[in-house]
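So the structure is just underneath, and the comments pick up after that.
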Amino acid sequence: MAMPLLLLPWPRHFVGSKRARVLQQQLREATKPVQLSALPEANALAAEPLAYAPWCFPSLHYSAIWNQLLLVTLLTEAKDRPSVRHKSRLDLSADSCHGQIEWALLTASQLAPFQETIANGLVNRLNGRSRFADEVEADGLALFRARQAESLLGQTLPGVISGIQSYGFFVELPPTQVEGLVHVSSLKDDWYEYRSRQHRLVGRKNRRTYKLGDPVEVEVLKVDVLRHQIDLAVLQPEIEPDAQLSDDDGEDEES
């Protein structure tokens, strides 16, 4: 069985380092969002064979209200013994009943309202609303950060490269976590190649490299609050040939 990602030793090296935030972003993008399901499935995020139904936060999630209703029905109306001929009863609220129940807890009429709700697409509607809420939250956060960046126009600030694409790289400005784009067209000193497997941009002539987690100095050029776009320009220091060649050694070709 594969070891859960959070238990691997290598993430500990990032704690407290400049690359910790970059690792957090990469894990967030690689992790699939949690979704509800009408059938029991594995919890990939926690590396558990079964995922438990949410029921503790009814003020935050409608699914918790529905699951609480089902729990109340089980605890108040479910059969605690196979038939009336059996004298011994099980305490359905106790952990000791796990693995001992071999009969149907609820009758067909008791289950009918829950089954009808599932059949009418409750799970899909709740997952859809959850995605919509996540999008609204992301848009609101992006708008807030863009408004923060307005006060930084014209300033030169230290940042950390948080993302690499063929059209440029993103830089996060701590501690505000404002993120802007350095477009590849603004890199006038060379023609830069995008190496997706290595998550870096490499200059063809001067071999200058921009990769995830690198500290850089940037100037805030333009902020479009409504479109949530922040344009940056990187300040390019003089290249140290020996150091740059050493850094690129063995990494020029993608495997």
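Residues Ala149 and Val178 approach most closely at CB-CG1, 3.8 Å, considering heavy atoms. Nearest heavy atom pair, residue Pro158 against residue Leu173, reads O-CD2, 3.7 Å.
For the pair Asp139 and His228, the minimum side-chain heavy-atom distance is below 4.5 Å. Looking only at side-chain heavy atoms (C-beta outward), Leu181 and Leu232 stay at 4.5 Å or farther from each other. A heavy-atom distance below 4.5 Å is not found between the side chains of Arg147 and Phe144. Residues Ile230 and Glu179 are not in side-chain contact: their nearest non-hydrogen atoms beyond the backbone lie 4.5 Å or more apart. Between Leu92 and Ile101, some side-chain heavy-atom pair lies under the 4.5 Å cut-off. Side-chain contact between Val234 and Val171: absent, with no pair of heavy atoms (C-beta onward) separated by less than 4.5 Å.
Remark: Ser37 engages Leu39, Glu41 in a side chain to side chain contact (heavy atoms under 4.5 Å, CB included) (not counting sequence neighbours). Residues that satisfy the ring-ring contact (aromatic ring centres under 6.0 Å, His included) test with Phe114, not counting sequence neighbours, are Trp66.
At distances below 3.5 Å, at least one donor-acceptor pair connects side-chain atoms of Asn67 with backbone N or O atoms of Ser63. Asn124 contributes no side-chain N or O that, together with a main-chain N or O of Gly121, makes up a donor-acceptor pair within less than 3.5 Å. In this structure, Ser186 contributes its side chain and Val182 its backbone to no donor-acceptor pair below 3.5 Å. Distance alone, capped at 3.5 Å, is enough to place a donor-acceptor pair between the Thr117 side chain and the Pro113 backbone. Within the 3.5 Å criterion, the main-chain N or O of Trp55 finds a donor-acceptor partner in the side chain of Gln68.
Residues Arg208 and Asp190 are not paired through a salt bridge, judged by the lack of any N-O separation under 4.0 Å between the basic side chain and the carboxylate.
For residues 79-91, the set of pairs meeting the side-chain hydrogen bond (donor to acceptor under 3.5 Å, both in side chains) definition, not counting sequence neighbours, comprises Asp80-Arg89, Ser83-His86, Asp91-Ser93.
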* Before giving the answer on side chain to side chain contact (heavy atoms under 4.5 Å, CB included), spell out for Tyr210 and Leu187 the whole-Å C-alpha distance, their side-chain angles and the decisive distance to 0.1 Å. => CA-CA 11 Å; Tyr210 295 102; Leu187 304 175; 4.3 Å; yes
